[in-house]
K.L.:
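What follows is a structure written as structure tokens; I'll ask about it next.
Just so it is clear, the model here is predicted, and its values are computed rather than measured.
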Amino acid sequence: MRLSHNMIFKNNLNSILNSQQEVNKSMQQVNTQKRVLTASDDPSAMARSLLYSDKIQTNEQYTKNLTMLKSRLDTQEGVLDNIKDSLTRSIELTVNAGNGSLTAPDKAALSEELESIQTAVLELMNSKTEDGRYIFSGYQDNTKTYDYDSANKRYTYAGDQGQHKIKVAEGVEIKSSDNGYDVFESVEQRLNVASNTATVGAGGITSADVYVKEQGPFDIFHKANYNPDPTAPANANQYQLQLNGATAPASYQLVQVATGTVMETGSYTENNITVAGMEFSFSGSAAPTDTITFDLAAPKKDNVLNTLENLINAVQDPNLSDKDYRQQLADAMTGLENAKNRVSQIQSGLGGRMNTATRITEANTDLDINNKIARADLIELDMAEAITELTKHETQLQASQATYGRLSNLSLLDFIR
């Protein structure tokens with residue numbers, strides 16, 4: 001083999017370049033603290049580390065989603081707290097409105113405060129999220145939740161029954177808001193008779209009325225006997241108080257008109273009869289077969305804004321009879337109490353969702369740590385080993401450079417000597 005000057009230079013140069021490449025790679029590993037810099041360094045480890053990186057990025061997005069979810073749930077919780085406080089005050093005012101010694105100025109002041117509460121509750125029910133969307137409008141969150149319909153003189157719900165959800169983990173979605181239909185429109189109102197003016201039969205009774213006086217017994221009677229079937233006969237919820245004024249004492253029986261079933265019997269001595277929580281009052285003298293006919297009203301639901309509207313109108317109306325005024329107060333009390341309880345139920349559900357979000361946050365944090373540890377084991381660097389390798393490659397480079405410097409000064413005559 002011929003040993004040429006060019007070969008000597010070439011071999012030494014290659015040795016120096018290879019050593020420099022190893023030093024550069026080692027320095028890059030130390031600087032980035034990564035063992036695997038390119039897929040060619042360890043294809044299997046790189047492929048698996050990319051999978052872990054995807055999981056870590058997905059988990060970061062879930063963390064952002066959880067932050068948004070908690071913010072929106074906190075906002076809704078604050079709104080509902082304020083609504084409940086307003087309803088509590090409304091209930092106190094309703095009790096006060098039943099004070100028979102109130103003067104007209106007293107009632108004016110009371111109705112003014114109720115109007116202020118109604119305005120505040122309306123604003124709260126139309127609350128928005130941080131990005132300007134209505135909290136309680138469901139999927140129609142660009143539409144104002146509640147507005148006043150001046151034609152019908154009622155507050156109406158403009159949203160839908162949709163519920164926004166936020167994905168916070170693989171296969172896990174949590175409601176970020178509640179729609180107004182579920183929160184405010186699903187409030188049960190007081191069970192009642194269809195009309196306080198009863199129908200009298202041909203006899204000695206000239207007129208009659210019926211009012212619910214004891215709500216508990218009436219609720220039991222209504223729930224046990226009201227027929228909600230829309231295909232039922234027209235008189236399915238019609239009842240008669242059949243009176244016999246010829247007996248001593250006078251007697252009555254409460255009969256279901258459609259079936260003729262006798263629900264209750266008893267006797268009376270005056271023109272006021274209390275049956276199943278209802279008080280019947282009549283004018284005239286009952287004949288042996290007199291009747292007072294009435295219908296049970298269908299159960300209904302309404303929002304608290306309309307409940308407050310009816311209450312305000314009743315307080316402001318000086319022409320209402322005492323009986324009708326008391327009925328309006330009873331309606332308002334039941335509606336407000338049920339609205340407050342409904343808000344409490346929604347808050348309970350909110351609390352459950354917030355607890356779930358907290359647990360998922362903790363689980364996601366643990367998962368994130370595990371994924372980062374697994375990725376580190378695959379591609380990250382053992383610093384002690386890496387510095388040792390760097391030192392070794394630097395030593396090799398220095399040796400190659402020193403050798404090259406000495407050999408570059410030699411000639412063939414040096415080898416012949």
K.L.:
Between Ser137 and Tyr134, is there a donor-acceptor pair closer than 3.5 Å when you use the side chain of the first and the backbone of the second?
P.N.:
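No, Ser137 side chain to Tyr134 backbone: no donor-acceptor pair under 3.5 Å.
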
K.L.:
When the aromatic ring centroids of Tyr226 and Phe221 are compared, is their separation below 6.0 Å?
P.N.:
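Tyr226 vs Phe221: aromatic centres not under 6.0 Å.
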
K.L.:
Could you walk me through whether Leu102 and Asn99 satisfy the side-chain contact (heavy atoms from CB on, under 4.5 Å) test, starting with their C-alpha distance in whole Å, then the side-chain angles of each, then the deciding distance to 0.1 Å, before giving a yes or no?
P.N.:
CA-CA 6 Å; Leu102 290 181; Asn99 185 344; 4.0 Å; yes

K.L.:
Just by distance, do the side chain of Ser71 and the backbone of Thr67 share a donor-acceptor pair under 3.5 Å?
P.N.:
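No, because the side chain of Ser71 does not come within donor-acceptor range (under 3.5 Å) of the backbone of Thr67.
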
K.L.:
Any side-chain heavy-atom pair from Ser177 and Phe136 closer than 4.5 angstrom?
P.N.:
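The answer is no, as the side chains (C-beta and beyond) never meet within the 4.5 Å cut-off.
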
K.L.:
Strictly distance-based, threshold 3.5 Å: is any side-chain N or O of Asn59 a donor or acceptor partner for the main-chain N or O of Asn364?
P.N.:
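Checked: pair present.
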
K.L.:
Determine whether Ile360 and Leu66 make a side-chain contact, defined as any pair of heavy atoms from C-beta on separated by less than 4.5 Å.
P.N.:
yes

K.L.:
Is Lys55 paired with Asp368 through a side-chain N to carboxylate O contact shorter than 4.0 Å?
P.N.:
no

K.L.:
Looking at Ala297, is its backbone amide N or carbonyl O close enough to the side chain of His222 to form a donor-acceptor pair, meaning the two atoms are under 3.5 Å apart?
P.N.:
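Yes.
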
K.L.:
Parallel, tilted or perpendicular: which describes the rings of Phe282 and Tyr268, with under 30° parallel and over 60° perpendicular?
P.N.:
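The rings of Phe282 and Tyr268 stand perpendicular, inter-plane angle above 60°.
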
K.L.:
Atom CD1 of Ile56 and atom CD1 of Ile369: how far apart are they, to the nearest 0.5 Å?
P.N.:
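These two atoms lie 11.0 Å from each other.
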
K.L.:
If you count the non-hydrogen atoms of other residues, nucleotides and ligands that lie under 6.0 Å from NZ in Lys64, is the total more than 12?
P.N.:
no

K.L.:
Give a yes-or-no answer on whether the side chains of Lys167 and Gln61 include a donor-acceptor pair shorter than 3.5 Å.
P.N.:
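No - no donor-acceptor pair under 3.5 Å links their side chains.
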
K.L.:
Measuring from atom CD1 of Ile312 to atom CG of Leu110, what distance do you get when rounded to the nearest 0.5 angstrom?
P.N.:
9.5 Å

K.L.:
Taking all atoms of both residues into account, what is the closest heavy-atom pair of Leu114 and Val315, and its distance?
P.N.:
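Heavy-atom minimum between the residues: CD1-CG2, 4.4 Å.
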
K.L.:
Do Glu279 and Tyr211 get their side chains close enough for a donor-acceptor pair, meaning under 3.5 Å?
P.N.:
no

K.L.:
Do Ser251 and Ser267 pair up side chain to side chain, a donor and an acceptor below 3.5 Å, judged on atom types alone?
P.N.:
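Checked: Ser251/Ser267 side chains show no N/O donor-acceptor pair below 3.5 Å.
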
K.L.:
For the pair Ser86 and Gln118, evaluate side-chain contact (heavy atoms from CB on, under 4.5 Å) and give the outcome as yes or no after the intermediate values.
P.N.:
CA-CA 8 Å; Ser86 297; Gln118 185 188 42; over 6 Å; no

K.L.:
Taking OH in Tyr155 as the centre, count heavy atoms belonging to other residues, nucleotides or ligands within less than 6.0 Å. Is the count above 12?
P.N.:
yes

K.L.:
Pick from Thr307, Ile117, Val304, Asn82: which one makes a side-chain contact (heavy atoms from CB on, under 4.5 Å) with Leu87?
P.N.:
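Checked Thr307, Ile117, Val304, Asn82 against Leu87; only one passes side-chain contact (heavy atoms from CB on, under 4.5 Å): Val304.
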
K.L.:
Is it true that the side chains of Gln253 and Glu264 contain a donor and an acceptor less than 3.5 Å apart?
P.N.:
no

K.L.:
In the structure I gave you, are the side-chain heavy atoms of Arg72 and Asp131 within less than 4.5 Å of one another anywhere?
P.N.:
yes

K.L.:
Regarding Asp147 and Arg154, does a basic nitrogen lie under 4.0 Å from an acidic carboxylate oxygen?
P.N.:
no

K.L.:
Does Leu191 reach the side chain of Leu296, with side-chain heavy atoms less than 4.5 Å apart?
P.N.:
no

K.L.:
Checking Ser195 side chain against Phe294 main chain: does a donor-acceptor pair fall under 3.5 Å?
P.N.:
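Not a single qualifying donor-acceptor pair exists.
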
K.L.:
For the pair Glu92 and Arg89, find out whether any cationic side-chain nitrogen is under 4.0 Å from an anionic carboxylate oxygen.
P.N.:
yes

K.L.:
Are side-chain N/O atoms of Asp209 and Thr197 paired as donor and acceptor at under 3.5 Å?
P.N.:
no

K.L.:
Can you see which heavy atom on Val187 is nearest to which on Gln189, and at what distance?
P.N.:
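Shortest heavy-atom contact: O-NE2, 3.2 Å.
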
K.L.:
Any chance the side chains of Glu337 and Asn341 put a donor and an acceptor closer than 3.5 Å?
P.N.:
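Result is no, nothing qualifies.
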
K.L.:
Between the side chains of Asp160 and Gln140, does any donor sit under 3.5 Å from an acceptor?
P.N.:
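There is such a pair between these side chains.
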
K.L.:
Compare every heavy atom of Asn225 with every heavy atom of Asn237, then report the nearest pair and how far apart it is.
P.N.:
OD1-O, 3.9 Å

K.L.:
Will you find, in the side chains of Glu60 and Thr63, an N or O donor that is under 3.5 Å from an N or O acceptor?
P.N.:
no

K.L.:
On the six-membered ring of Tyr325, is Lys107 placed so that its NZ or CZ lies under 6.0 angstrom from the centre and within 45° of the ring axis?
P.N.:
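Verdict for Tyr325: a cation-pi partner in Lys107.
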
K.L.:
With no hydrogens and no angle check, do the side chains of Gln57 and Tyr62 hold a donor and an acceptor under 3.5 Å apart?
P.N.:
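No donor-acceptor contact under 3.5 Å links the two side chains.
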
K.L.:
Is it true that Asp322 and Arg326 have a side-chain N and a carboxylate O under 4.0 angstrom from each other?
P.N.:
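Counted as a salt bridge, because a side-chain N and a carboxylate O are separated by less than 4.0 Å.
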
K.L.:
Can you see which heavy atom on Leu80 is nearest to which on Val343, and at what distance?
P.N.:
O-CG1, 3.6 Å

K.L.:
Report the C-alpha separation of Phe184 and Tyr157 in whole Å, then their side-chain angles, then the decisive distance to 0.1 Å, and conclude whether the ring-ring contact (aromatic ring centres under 6.0 Å, His included) test is met.
P.N.:
CA-CA 9 Å; Phe184 307 118; Tyr157 177 60; 8.3 Å; no

K.L.:
Taking atom types as modelled, find out whether Glu188 and Asn338 have a side-chain donor-acceptor pair closer than 3.5 angstrom.
P.N.:
no

K.L.:
State, yes or no, whether a side-chain contact exists between Thr156 and Tyr146 at a heavy-atom distance under 4.5 Å.
P.N.:
no

K.L.:
Heavy atoms, side chains only, cut-off 4.5 Å: are Leu329 and Leu311 in contact?
P.N.:
yes

K.L.:
Show your reasoning for whether side chain to side chain donor-acceptor pair (under 3.5 Å) applies to Tyr181 and Gln161.
P.N.:
CA-CA 6 Å; Tyr181 185 87; Gln161 297 183 49; 4.5 Å; no

K.L.:
Check this for me: does any side-chain nitrogen of one of Arg190 and Asp331 sit under 4.0 Å from a carboxylate oxygen of the other?
P.N.:
yes

K.L.:
Closest approach of Asn303 and Asn306, non-hydrogen atoms and distance?
P.N.:
OD1-N, 3.0 Å

K.L.:
Are a donor atom and an acceptor atom from the side chains of Thr293 and Gln240 found within less than 3.5 Å of each other?
P.N.:
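There is such a pair (donor and acceptor under 3.5 Å, judged by atom type) between the side chains of Thr293 and Gln240.
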
K.L.:
Just by modelled atom types, is the Lys213 backbone N or O under 3.5 Å from a matching donor or acceptor in the Gln215 side chain?
P.N.:
no

K.L.:
Do Asn313 and Gln328 pair up side chain to side chain, a donor and an acceptor below 3.5 Å, judged on atom types alone?
P.N.:
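No, Gln328 and Asn313 have no side-chain donor paired with an acceptor closer than 3.5 Å.
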
K.L.:
Is any side-chain heavy atom of Leu122 closer than 4.5 Å to one of Leu305?
P.N.:
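Sidechains of Leu122 and Leu305: in contact.
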
K.L.:
Taking the side chain as everything from C-beta on, heavy atoms only, tell me whether Met125 gets closer than 4.5 Å to Val79.
P.N.:
no

K.L.:
For a quick test of reading the model, state the closest non-hydrogen atom pair linking Ser176 to Leu73 and the distance between them.
P.N.:
O-CD2, 3.9 Å

K.L.:
Starting from the C-alpha separation in whole Å, work towards a yes-or-no answer on side-chain contact (heavy atoms from CB on, under 4.5 Å) for Leu336 and Leu308.
P.N.:
CA-CA 8 Å; Leu336 292 171; Leu308 287 170; 3.9 Å; yes

K.L.:
Under a 3.5 Å cutoff, is there a donor and acceptor pairing between the side chains of Gln316 and Glu115?
P.N.:
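Yes, Glu115 and Gln316 have a side-chain donor paired with an acceptor closer than 3.5 Å.
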
K.L.:
Checking side-chain polar atoms at under 3.5 Å, does Thr88 have a donor or acceptor matched by the opposite partner on Lys340?
P.N.:
yes

K.L.:
Using modelled atom types only, decide if a donor and an acceptor are shared between the side chain of Asp106 and the backbone of Thr103 within a distance under 3.5 Å.
P.N.:
yes

K.L.:
Atom CD of residue position Glu130 - does it have more than 12 heavy atoms of other residues, nucleotides or ligands inside 6.0 Å?
P.N.:
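Result for CD/Glu130: enclosed.
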
K.L.:
Any donor-acceptor pair under 3.5 Å linking the side chain of Asn179 with the backbone of Gly138?
P.N.:
no

K.L.:
Check the pair Gln327 / Asn192 against side-chain contact (heavy atoms from CB on, under 4.5 Å), numbers first and verdict last.
P.N.:
CA-CA 10 Å; Gln327 289 296 297; Asn192 207 343; 3.9 Å; yes

K.L.:
Checking side-chain polar atoms at under 3.5 Å, does Lys128 have a donor or acceptor matched by the opposite partner on Thr75?
P.N.:
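Short answer, no.
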
K.L.:
Determine whether a donor-acceptor pair (N or O, by modelled atom type, separation under 3.5 Å) exists between the side chain of Arg353 and the backbone of Lys175.
P.N.:
yes

